[in-house]
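Read the structure below first, then the notes.
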Amino acid sequence: MVITRFAPSPTGFLHIGGLRTALFSYLWAKHNGGKFILRIEDTDQSRNNEDAAKAIIEAFRWLGLSHDGEIEYQSKRTDIYKRYIQKLLNEGKAYYCYMSKDELVSLKDEQISRKERPRYDGRYRDFNGMPPPGVEPVVRIKAPTNGTITVHDGIKGDVVFNVDDILDDFIIARSDGTPTYNFVVAIDDALMGINEVIRGDDHLSNTPKQIIIYDALGLKIPNFYHVPMIHNQNGKKLSKRDGATDVMEYKKEGYLPQALLNFLVRLGWSHGDQEIFTIQEMIEMFNPKDINKSASIYNTEKLDWLNAHYIKNMPNEHLKHLLEDYGIILTSNDKTEILLDTLKERAKTLQELAWQIKDILTQPTYENEKAFKKAFKGDAVDILTAFSNTLKSAPKPHLPVDFHIVMQSIVDEQGIGFGKLGQPLRMALLGKLSGPGLDSVMAVIGVDETINRISSAVSYAAQNDYA
RNA sequence: GGCUCCAUCAUCUAAUGGUUAGGAUUCAAGGUUUUCAUCCUUGCCAUAGGGGUUCAAAUCCCCUUGGAGUCACCA
């Protein structure tokens, strides 16, 4: 069984880069009928933050990504780590190091001044004398001192590290007894049966250390897939400082989970020329071997396009429900259909859609003088008045076509172009010169409100002598 | 600086060693629309540079250049 995981450290919100690796891991697990585990890496109490874990879970819920089993918290597994540290100690594969932090610092300074790579010199590796008093020791692992370590990576291929270039006897337990990152990651991945590790390639250089842990404990090394970073516009690793990287920010702005997921799955991964994927298709088609090797730049132009696409194709009933979060409560069913049918073609986000709905549903102000004058030049008032009178006398129009017929009759009667009526009417109804189809607008607000808005506009024109 | 990774349009990407280097987004133009948007059509735009290997290189090899990641008692 394939078991993957997403293992964030809870230092803040879930960001775009994390979400993408989570998505890849999720898809690969589901593709194989396996499990996707969520593990919170909170070993460092000083940076721990419960709210952050909640934020991640909330984001997952919004996106419909579900993890299997209970959420694992590393902070609750300290006994396990202690046991494995003790095991390594007992077997002579790890040892206490009594070097103080000051000593370590001065050693590093010396090495740097000699232009050597800073590294621990192994002075306590075979120590069995009296420990110096007053020093709480750290635990270091006996790492190999020569040879190479090869990471077999499903994306990058075999990556060979020369031990002498990168390693020393690194710390696996701090002087307060708490284990360090590379140690717990290896332990947890192994104990949780995770056999496919998909993570950012900023972890590639950690991997040899983790392999040493696996080897020391005789644990099975998983398959690794190191996914290239997502870069910001400056070409640097996307970080929380970059703005617009909080996943939940996209919810607020009115992006759909489907659109965000579709956008992210195509960042670094592709399946031929296909751009639009349902979740099912993603699960069917995703394979980490198709992840490309180079970093991509985060650019949301395509996200807007995808979001508009999904809004356009969303059933009105569903849209109506989602709009409630933006303060739009729609009651009348037939009018909701007309309203959403016409507006969902023109919105990039739910938020925009909500604004556009408000624009239609509220009486406009005519504060854009320039536009108003433009719309009302010539005999606009007469035309509007004629239109208004016809509306009053005609059998009550309901549907957009009914209103269209009335508009057509005025245009024919007066021998004018559609624009002669349309421009001032649009200004009267919406207070601007662009916007959705007028027949739909009138069908939504109804005959009475249409007549009201026309008369407001006409009297406004008279007051200001625009006519 | 050491180590490691990466390099196709502005952006996301496709291309068993053989394609006029394809698609998508953006942008531009035209059509549709009373307007704007949608939609449709068309267009612009790329194999970082230099050497090899080969009948043939975006693709394989080397060098250069450029970019990124990482080097903690952080994760």
Side-chain angles (χ1 to χ4, degrees), chain A residues 7-11 41-44 46-47 74 97 99-101 104-105 108 112 115-119 136-140 151 153 155-157 159-162 164-168 170-182 184-185 200-208 226 228-229 231 233-237 263 266-276 292-306 308-309 312 342-348 352 356 375 407 411 416-427 430 432-439:
Chain A
S9 59
T11 53
E41 310 224 314
D42 52 354
T43 48
D44 183 8
S46 61
R47 312 209 314 183
Q74 288 185 330
C97 168
M99 195 174 186
S100 70
K101 282 185 192 176
L104 228 191
V105 169
K108 283 191 177 162
I112 288 168
K115 301 205 168 169
E116 289 172 13
R117 180 171 74 85
R119 67 209 290 187
E136 288 297 326
V138 298
V139 179
R140 290 180 180 273
V151 178
D153 190 279
I155 295 170
K156 314 259 184 197
V159 182
V160 181
F161 294 88
N162 195 331
D164 191 50
D165 290 333
I166 58 160
L167 239 61
D168 60 4
F170 58 93
I171 294 171
I172 59 174
R174 305 181 183 96
S175 43
D176 66 1
T178 58
T180 56
Y181 172 75
N182 285 302
V184 290
V185 167
D201 75 3
D202 49 344
H203 288 285
L204 183 58
S205 51
N206 282 326
T207 310
H226 287 97
M229 299 279 89
H231 285 168
Q233 302 290 347
N234 300 323
K236 311 279 189 207
K237 181 179 170 179
F263 172 68
R266 284 286 287 98
L267 218 52
W269 176 83
S270 61
H271 187 264
D273 283 342
Q274 186 166 347
E275 297 285 348
I276 307 285
N292 66 22
K293 292 166 162 225
S294 54
S296 38
I297 292 174
Y298 189 67
N299 176 324
T300 53
E301 279 165 353
K302 214 168 197 169
L303 173 60
D304 285 341
W305 171 72
L306 280 165
H309 168 84
K312 275 196 281 280
T342 183
L343 287 186
K344 71 184 180 185
E345 303 271 314
R346 22 194 335 116
K348 287 204 288 288
E352 272 186 23
Q356 289 170 5
M407 287 178 79
V411 167
I416 53 175
F418 236 105
K420 282 279 187 197
L421 169 61
Q423 281 224 109
L425 182 56
R426 178 175 300 285
M427 177 51 69
L430 299 172
K432 53 186 182 178
L433 294 175
S434 66
L438 293 173
D439 40 11

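Chain naming here is simple, since letters A, B, ... match the order of the sequence lines and numbering starts at 1 in each. If you're wondering where the values come from, they're calculated on a predicted model, not measured in any experiment.
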Any A/Lys312 side-chain nitrogen or oxygen under 4.0 Å from OP1 or OP2 of B/C39
yes
For the student: nearest non-hydrogen atoms of A/Leu421 and A/Ile416, plus distance:
N-CD1, 4.4 Å
With the sugar-phosphate defined as primed atoms, P, OP1 and OP2, and the base as all remaining atoms, what B/S/- string results for nucleotides 3-10 of chain B, 5' to 3', for protein heavy atoms under 4.0 Å?
SSSSS---
Residues that A/Asp164 engages under side chain to side chain contact (heavy atoms under 4.5 Å, CB included), provided they are two or more places apart
A/Arg119, A/Asn162
Can you list the residues that meet the ring pair (Phe, Tyr, Trp, His ring centres under 6.0 Å) rule with A/Tyr298, with sequence neighbours excluded?
A/Phe263
Who are the salt bridge (Lys or Arg N to Asp or Glu O under 4.0 Å) partners of A/Lys156, not counting sequence neighbours?
A/Asp201
Regarding B/A75, can its base be found pairing with the side chain of A/Asn206 as donor and acceptor, where the two atoms are less than 3.5 Å apart?
yes
Output all residues satisfying salt bridge (Lys or Arg N to Asp or Glu O under 4.0 Å) with A/Asp202, sequence neighbours left out; order by chain, then residue number.
A/Lys237
So does A/Glu116 reach the base of B/G2 with its side chain, donor to acceptor, closer than 3.5 Å?
no
List in chain and number order the residues that pass salt bridge (Lys or Arg N to Asp or Glu O under 4.0 Å) with A/Arg117, two or more places apart in sequence or in another chain; answer none if no residue qualifies.
none
Under-3.5 Å donor-acceptor pair between A/Thr180 side chain and B/C73 base
no
Nucleotides 40-48 of chain B: which of its N/O atoms have a protein N/O under 3.5 Å away?
none

Partners of A/Tyr181 by ring pair (Phe, Tyr, Trp, His ring centres under 6.0 Å), sequence neighbours excluded?
A/His203
Test salt bridge (Lys or Arg N to Asp or Glu O under 4.0 Å) applied to A/Lys344 - qualifying residues, sequence neighbours left out:
none
The nucleotide from B/A75, B/C73, B/G69 with an atom nearest the side chain of A/Lys237 is B/G69
